[in-house]
Amino acid sequence: MADHRPFPPGARRVARPAAVSPCPSCGDLAGRGYPGCRFCAELVDQYWLLDWQVLLAAEQLAEGGAGERELAELVLADEVGLHPWTCTDWAMSLLACSQCGEELGTGPVDCVRCAMADGLRWSWDHAGFPSSITAGEHALRVARATLRAPHRRRAAVVRAWRLLLPFLLVGELPTVGQVQRIRASVLAGAYPELAGCTTHVELASFPELPWRRPEGSTRVEHQAKPRRDEDATGDTLQDPTRTASDEPATDPV
C-alpha cells in the first residue's frame, strides 16, 4: 500500500449545513436518527466516506470491490496517525469481528476483540490532537461511535450524544459544563423536553431539574451524593482529566 500521510487541514472537510433542520425521513432533527434512519446516516457518514473514497482512489480500488476489505485491514494494522481518523473509523465499519461476528468495535460488551479495537481507535486522537483533529471533530467522532454501538455505553451517555449530534454537525461545540447539565437532565427523565430544543443555545441552557424519582419509590437517607458528571455506576461522559467547565469538551469519551 502506498505511503499516505494524513491529509492536509481542510482537505477532508465537507460543507457543513448552515443550520439544524428536521430530517425529511424520520422527522427528528437531522442526524438524530443515526444510524437507523437512512437520511440521517448518509448525512453523518459523508464526513467519513469522503476520506475513504480518496484513499480508495489513491490505491486504485473500487468502493465495494474485492480489495476494499483488504485495504481496511491494512489501515487498521498501520501505524496510528498514518491515515485520517475518518479512515480508521470507516475501516472498522467494513470489517466483522473475528470473535463475535459483529461490526468491529460494536459487538457485545463481553467481546474482548471489539473492546480492544474500540480502545485502539481513540489512540489516534491522542496521537493527532490538536494538529490533526479538532475538538469539534473529536466530539462528532465520539457521538458517531457511541450511536453505532449504544449497548456498549450507559443509556444516559447514548441519549446525550443523540441530542447533541445535530448541533455537532453544524459546527456547534458544547462545553464540558453544558454536556454535564444535559446528561444530568437526561438522567432526571427530561429527554422529551430536551429533544424539543431546536437550537444549541436552547439545549445548552436548559434549566437544571430536580432529580426525579420513580413513582412510589422511597427516599434513602444519608446516601452519598452522586457526582454531577457520573451516573449511579460512575461512568463518566467526558475526559477523566476534568477539563474546566467553561472549556470545550475536547475529549468526552
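This is a predicted model, so every value here is computed, not measured.
- Taking every heavy atom of both residues into account, Trp161 and Ala139 meet most closely at CZ3-O, 3.9 Å.
- Separating the CG atom in Leu164 from the CG atom in Leu140 is a distance of 11.0 Å, to the nearest 0.5 Å.
- Here the closest heavy-atom approach between residue Pro22 and residue Gly27 is recorded as CB-O, 4.2 Å.
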Using the rule given for side chain to side chain contact (heavy atoms under 4.5 Å, CB included), can you reason through Trp90 versus Thr86, listing the C-alpha separation, both sets of side-chain angles and the distance that settles it, and then say yes or no? CA-CA 6 Å; Trp90 199 263; Thr86 45; over 6 Å; no
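- Distance check, rounded to the nearest 0.5 Å: CZ of Phe206 to CG of Leu194 gives 4.5 Å.
- Taking all atoms of both residues into account, the shortest heavy-atom contact from Ala115 to Arg152 is CA-NH2, 3.4 Å.
- Taking Ile, Leu, Val, Met, Phe, Trp and Tyr as hydrophobic and joining them when side-chain heavy atoms fall under 4.5 Å apart, one finds Val112 in a cluster with Met116.
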Using distance only, find each side-chain donor-acceptor pair of residues 60-69 under 3.5 Å and give its atom names and separation, not counting sequence neighbours.
from	atom 1	to	atom 2	distance (Å)
Glu63	OE1	Gln53	NE2	3.2
Glu68	OE1	Gly64	N	2.6
Glu68	OE2	Trp52	NE1	2.7
Arg69	NH1	Leu94	O	3.1

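- The side-chain hydrogen bond (donor to acceptor under 3.5 Å, both in side chains) pairs that include a residue from residues 102-118 are Glu103-Arg148, Asp118-Arg121, Asp118-Arg153, where partners are two or more places apart or lie in different chains.
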Go through the steps to decide whether Leu173 and Phe167 satisfy the test side chain to side chain contact (heavy atoms under 4.5 Å, CB included), and finish with yes or no. CA-CA 8 Å; Leu173 179 64; Phe167 305 103; over 6 Å; no
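- Applying the side-chain hydrogen bond (donor to acceptor under 3.5 Å, both in side chains) criterion to Arg141, with sequence neighbours excluded, gives Asp89, Asp125.
- When all heavy atoms of Ala91 and Ala72 are compared, the closest pair comes out as CB-O, 3.6 Å.
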Chi angles and distances behind the side chain to side chain contact (heavy atoms under 4.5 Å, CB included) call for Leu169, Leu43: CA-CA 9 Å; Leu169 288 172; Leu43 179 66; 3.8 Å; yes
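- Side-chain contact between Arg154 and Val158 is absent, with no heavy atoms from C-beta onward closer than 4.5 Å.
- Judged as a salt bridge (Lys or Arg N to Asp or Glu O under 4.0 Å), not a single pair has a partner in residues 163-175 (not counting sequence neighbours).
- Considering CZ of Phe39 and OH of Tyr34, their distance stands at 14.5 Å, rounded to 0.5 Å.
- Of the inter-residue distances, the one linking Leu168 atom CG with Glu137 atom CD reads 11.5 Å to the nearest 0.5 angstrom.
- No side-chain heavy atom of Arg38 sits less than 4.5 Å from a side-chain heavy atom of Ser25.
- Between the side chain of Gln178 and the main chain of Thr175, a donor-acceptor pair closer than 3.5 Å is present.
- With hydrogens and angles ignored, the 3.5 Å screen pairs no side-chain donor or acceptor of Glu59 with any backbone N or O of Leu55.
- A distance of 12.5 Å separates CG of Leu187 from CD1 of Ile182, quoted to the nearest 0.5 Å.
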Might you work through the side chain to side chain contact (heavy atoms under 4.5 Å, CB included) test for Trp48 and Arg144, ending with a clear yes or no? CA-CA 10 Å; Trp48 281 257; Arg144 179 181 181 271; 3.3 Å; yes
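- Ring pair Trp122/His138 is perpendicular by interplanar angle, where above 60° counts as perpendicular and below 30° as parallel.
- Through direct or indirect side-chain contacts shorter than 4.5 Å among Ile, Leu, Val, Met, Phe, Trp and Tyr, Met92 is connected to Leu76, Leu95, Leu104.
- Residues Gly101 and Ala96 come closest through the heavy atom pair O-CB, 3.8 Å.
- In this structure, Arg183 contributes its side chain and Ala156 its backbone to no donor-acceptor pair below 3.5 Å.
- Ion pairing between Asp28 and Arg162 fails under the 4.0 Å rule for side-chain N and carboxylate O.
- Here the closest heavy-atom approach between residue Pro35 and residue Ala41 is recorded as O-CB, 3.8 Å.
- Test Asp78, Asp51, Thr88 against His83 for side-chain hydrogen bond (donor to acceptor under 3.5 Å, both in side chains) and you get one pass: Asp78.
- We find the CG-CZ distance between Leu203 and Arg181 to be 10.0 Å, quoted to the nearest 0.5 Å.
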